[in-house]
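Fair warning: this is a prediction, and the values are worked out from it, not measured in the lab. Counting starts at 1 for both ligands and their atoms, following the listed order.
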Amino acid sequence: MTVFLVTGVTGNLGTAALRSLLVHVRVADVRVLVRTERAAAEYAARGLTACVADYSDSASLDRAFAGVDRAIVVSSPVLDPSVRTAQHRRVVGAAVAAGVRHVVYTSGMGARHDPGHSAAEDALTESSVHHAILRNALYTDPFVDRALTQALASGVIQSASAGQRIATAAIGDLGDAAATASIIMPTKQLWELRGPAWNFEEMATALTASLRRQISQEEVSDEETGPFAVLFPLVRRGVFASESDGLAELLGHAPASISDVVHSLVSQLNQDQHENEGFSARKR
Ligand SMILES: NC(=O)c1ccc[n+]([C@@H]2O[C@H](COP(=O)([O-])OP(=O)(O)OC[C@H]3O[C@@H](n4cnc5c(N)ncnc54)[C@H](OP(=O)(O)O)[C@@H]3O)[C@@H](O)[C@H]2O)c1
């Protein structure tokens, strides 16, 4: 029996990685690392072994990794670099000390400029553990989520991209890639995972097709893009424009395009609305 451990399973990427792993691996062979007893009970009810642990607590990590053969370690969402760096050193250190045979670490684009990702990558490369570092692109989904909200409200989506392209990746594809890397244990250790590049004109076209109404796009200031304000200056400089083959290579097929992600989120929205209408009708 090969024991797999997945961290971050209550989040976007960990959810996708776990879902994908469970397509190939028996539920009894999968352990999840969660932070609360409540979450542990929810996963246990699904047949998974759940360990309560925290990247900031070495003893809890030692318990979680004991007896694990392969691990998918999702990076910490903490923004403070000093906290995140220590967390990543701790979690990779615990995996190595426990004798885990293969570690998949979900890193990010430009990891060498990020102390947190660098700490995890260095800890893995300096160890003798077999590993795969997956430098994930920006997620496509939050861009589409925001554009879909704007499209439905006004028919106009906004960006400060100046027409520049962005090679993002769907969270589902990145989750599949992490699960695949854990299963096949590739000899290549460093992967740049990006999907096909797109621009907001293409996003508007995809929304027009999926929503069956005309959606246009307009250029606004960085400030007007809200939570994306820090990203757009980099987008305009082309920092996220270049594609790479790594994601397609790990997946064994083309990664989701902007149209695929738009279509999938619009379908999900329609399904949710349909179910809510059914629920309201049943209540009446
Ligand atoms: N590529 C991108 O565009 C992008 C965007 C955002 C973030 N990221 C990075 O990629 C990671 C995964 O993204 P995501 O969207 O899945 O993030 P997310 O939805 O915020 O999920 C983060 C996961 O990490 C867990 N976690 C938080 N602090 C922890 C700790 N101290 N010890 C153990 N587990 C902890 C959370 O558990 P709880 O439910 O208990 O909080 C949650 O399961 C992020 O953490 C961040 O480093 C990438």
Side-chain angles (χ1 to χ4, degrees), residues 5-21 31-43 48 50-65 68 71-95 104-111 113-121 133-146 166-179 191-195 198 227-228 230-232 234-235 239-240 244 246-247 255-256 258 261:
L5 173 78
V6 188
T7 77
V9 289
T10 53
N12 300 305
L13 182 60
T15 295
L18 178 62
R19 186 170 48 228
S20 184
L21 190 64
R31 195 185 291 186
V32 293
L33 185 158
V34 291
R35 291 203 293 169
T36 63
E37 292 292 350
R38 186 180 168 163
E42 283 170 18
Y43 288 93
L48 294 139
C51 288
V52 176
D54 195 294
Y55 293 171
S56 295
D57 176 354
S58 292
S60 72
L61 293 172
D62 291 343
R63 285 193 296 275
F65 279 104
V68 168
I72 299 174
V73 175
V74 171
S75 60
S76 165
V78 169
L79 294 178
D80 182 334
S82 61
V83 174
R84 194 160 180 252
T85 297
Q87 287 181 332
H88 286 170
R89 282 208 191 101
R90 220 175 272 118
V91 66
V92 173
V104 173
Y105 172 69
T106 68
S107 187
M109 248 187 99
H113 301 291
D114 177 327
H117 284 319
S118 294
E121 291 191 359
I133 292 167
L134 309 184
R135 287 188 179 157
N136 288 347
L138 292 177
Y139 300 152
T140 311
D141 311 55
F143 286 101
V144 176
D145 265 341
R146 182 174 165 85
I166 321 176
T168 56
I171 294 172
D173 279 347
L174 295 173
D176 285 349
W191 297 79
E192 294 285 346
L193 302 187
R194 298 181 207 156
W198 54 273
F228 294 83
V230 288
L231 280 181
F232 277 114
L234 301 171
V235 169
V239 168
F240 306 111
S244 71
L247 187 53
I258 192 67
V261 179

- prompt: What orientation do Phe143 and Trp198 show, parallel under 30°, tilted 30 to 60°, or perpendicular over 60°?
  reply: perpendicular
field: Gap separating the OH atom of Tyr139 from the CG atom of Asp173, nearest 0.5 angstrom
entry: 12.5 Å
query: Rounded to the nearest 0.5 Å, what separation is found between the CD1 atom of Ile133 and the NE2 atom of His117?
result: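 If we round to the nearest 0.5 Å, Ile133:CD1 and His117:NE2 are 11.0 Å apart.
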Pull out every atom of ligand 1 sitting under 4.0 Å from any heavy atom of [X], numbered as shown with elements.
X: Gly8; result: 23 (C), 24 (O), 43 (O)
X: Gln87; result: 31 (N)
X: Arg84; result: 47 (O)
X: Ala137; result: 1 (N), 2 (C)
X: Val74; result: 11 (C), 12 (C)

Which residue holds the protein heavy atom closest to [atom], what is that atom called, and what is the gap in Å?
atom: atom 15 (O) of ligand 1; answer: Asn12 ND2, 2.9 Å
atom: atom 22 (C) of ligand 1; answer: Pro77 CG, 3.9 Å
atom: atom 30 (C) of ligand 1; answer: Arg35 CD, 3.5 Å
atom: atom 6 (C) of ligand 1; answer: Tyr139 CE1, 3.9 Å

Backbone or side-chain N or O of [X] under 3.5 Å from ligand 1 N or O:
X: Ser75; answer: yes
X: Gly11; answer: yes
X: Ser56; answer: no

So, the side chain of [X] versus the backbone of [Y]: is there a donor-acceptor pair under 3.5 Å, distance only?
X: Arg63; Y: Cys51; value: no
X: Thr106; Y: Ser75; value: yes
X: His88; Y: Ala119; value: no
X: Thr36; Y: Val52; value: no

query: Passes side chain to side chain contact (heavy atoms under 4.5 Å, CB included), Arg135 versus Glu121? Steps please.
result: CA-CA 10 Å; Arg135 287 188 179 157; Glu121 291 191 359; 2.8 Å; yes
Min heavy-atom dist Gly108 to ligand 1 below 4.0 Å: no
query: Considering only heavy atoms, does Ser76 approach ligand 1 within less than 4.0 Å through its side chain, its backbone, both, or neither?
result: backbone
- prompt: Which option, Thr168, Leu231, Thr10, Leu13, owns the non-hydrogen atom nearest atom 38 (P) of ligand 1?
  reply: Thr10
- line: By side-chain hydrogen bond (donor to acceptor under 3.5 Å, both in side chains), Asp80 pairs with (sequence neighbours left out) Ser82
